[in-house]
Amino acid sequence: MKREQLLERLDAAWLDFEQSYAGLSDEAMMIPGVTGQWSIRDIIAHVTWWEEEAIKSLPVIRSGARWPRYSVAYGGVDAFNAMMTEKRQHLSLVEVKRQHDEVHAQLMNYVREAPDDLIRTETRFRRRIRFDAYGHYPIHAAAIRAWRETTKT
């Protein structure tokens, strides 16, 4: 895969995720129950913290080291998500959206500057980008669309 293909894949999945909640009022974005107890605001925060995890882990992976397993460091991905949900509960929708945009821009810049050999072939580096970003966004975009369909928002 060429860098431009990866960037296009990231951009397309990102835009689709953002389209999934486009046009909703701030009030609608705060309604719980979109995914479990999460609101759209919570889902946006969730997508953002996984992009942050990518930004933290990619330099480690790039160096050849291993990023700690979530099962060891936190008791699993669900426990990590619960911890981060609690940690971000106090943030307003405006703050969540701001972080969302800033962190995504940082991730895109990091990918733009990454060495070609980490992007050309299926590497741990590229897998991490897929898991935390362009493979992750569609899961939540689909959940938001399904919720919107059932709530007619």
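One-based numbering along the sequence shown.
With hydrogens and angles ignored, the 3.5 Å screen pairs a side-chain donor or acceptor of Arg148 with a backbone N or O of Thr153. For the pair Asp42 (side chain) and Ser39 (backbone), a donor-acceptor distance under 3.5 Å is present. Looking only at distances, no side-chain donor or acceptor of Glu86 sits under 3.5 Å from a matching main-chain atom of Met83. For Arg124 (side chain) and Arg66 (main-chain N/O), no donor-acceptor pair under 3.5 Å exists by modelled atom type. Formation of a donor-acceptor pair under 3.5 Å by the Arg126 side chain with backbone atoms of Ile119 is found in this model. Under the 3.5 Å distance criterion, the side-chain polar atoms of Glu18 are left unmatched by any main-chain donor or acceptor of Leu15.
Residues Thr35 and Trp147 fail the side-chain proximity criterion, which asks for heavy atoms closer than 4.5 Å. Between Arg128 and Trp67 the shortest side-chain heavy-atom distance falls below 4.5 Å. The closest side-chain heavy-atom distance from Ile40 to Ile31 is not below 4.5 Å. Side-chain contact between Arg88 and Val96: absent, with no pair of heavy atoms (C-beta onward) separated by less than 4.5 Å. Taking the side chain as every heavy atom from C-beta outward, Ile44 and Met29 approach each other to under 4.5 Å. At least one side-chain heavy atom of His140 sits under 4.5 Å from a side-chain heavy atom of His46. Contact check for Tyr74 versus Arg69: no side-chain heavy atoms found under the 4.5 Å cut-off. Using a 4.5 Å heavy-atom threshold, the side chains of Tyr137 and Val47 count as touching.
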- Worked verdict on His104 versus Phe17 for ring-ring contact (aromatic ring centres under 6.0 Å, His included): CA-CA 12 Å; His104 184 69; Phe17 174 67; 9.7 Å; no

- Message: Applying side-chain hydrogen bond (donor to acceptor under 3.5 Å, both in side chains) to Tyr134 and Glu8, what does each step give before you reach the verdict?
- Response: CA-CA 10 Å; Tyr134 71 86; Glu8 286 170 12; over 6 Å; no

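Taken from NZ in Lys97 to CD in Glu102, the straight-line distance is 14.5 Å, to the nearest 0.5 Å. For the atom pair CG of Leu6 and CZ of Arg112, the computed distance is 10.5 Å after rounding to the nearest 0.5 Å. One distance of note links CZ of Phe125 with OG of Ser57; it measures 8.5 Å at 0.5 Å rounding. Note that CD of Gln89 and CE of Met84 are 11.5 Å apart. Values are rounded to the nearest 0.5 Å. Here Arg9 contributes atom CZ and Leu7 contributes atom CG; the two are 11.5 Å apart, rounded to the nearest 0.5 Å. Once rounded to the nearest 0.5 Å, the distance linking CG of Leu10 with CD of Glu51 reads 8.0 Å.
Nearest heavy atom pair, residue Thr123 against residue Asp117, reads CG2-O, 3.9 Å. Residues Ile55 and Leu107 approach most closely at CD1-N, 3.7 Å, considering heavy atoms. When all heavy atoms are compared, the tightest approach of Arg145 to Ser20 is NH2-N, 3.7 Å. Contact between Gln37 and Pro32 at its shortest, heavy atoms only, is O-CB, 3.3 Å. Closest approach of Ala73 and Pro68 over heavy atoms only: CB-CB, 4.5 Å.
Using a 4.0 Å cut-off between a side-chain N of Lys or Arg and a carboxylate O of Asp or Glu, Lys56 and Glu53 qualify as a salt bridge. The pair Arg130-Glu122 meets the salt-bridge criterion, with a side-chain N (NZ, NE, NH1 or NH2) lying under 4.0 Å from an Asp/Glu carboxylate O. One finds no salt bridge joining Asp132 and Arg127 here, because no Lys/Arg side-chain nitrogen approaches an Asp/Glu carboxylate oxygen to under 4.0 Å. Taking 4.0 Å as the cut-off between side-chain N and carboxylate O, Glu27 and Arg41 do not count as a salt-bridged pair.
Ile144 and Ile139 fall into different hydrophobic clusters, where Ile, Leu, Val, Met, Phe, Trp and Tyr side chains are chained together by heavy-atom contacts under 4.5 Å. Met108 and Phe131 fall into different hydrophobic clusters, defined by Ile, Leu, Val, Met, Phe, Trp and Tyr side-chain heavy atoms under 4.5 Å apart, directly or through other members. Hydrophobic clustering (side-chain heavy atoms under 4.5 Å, transitive across Ile, Leu, Val, Met, Phe, Trp, Tyr) groups Ile61 together with Val77. With hydrophobic clusters built from ILVMFWY side chains whose heavy atoms lie under 4.5 angstrom apart, Ile129 shares a cluster with Val60.
Trp49 and His100 have their aromatic ring centers separated by at least 6.0 angstrom. Centroid-to-centroid, the aromatic rings of Phe80 and Trp50 come within less than 6.0 Å.
Within a 6.0 Å radius of CD in Gln106, other residues, nucleotides and ligands contribute more than 12 heavy atoms.
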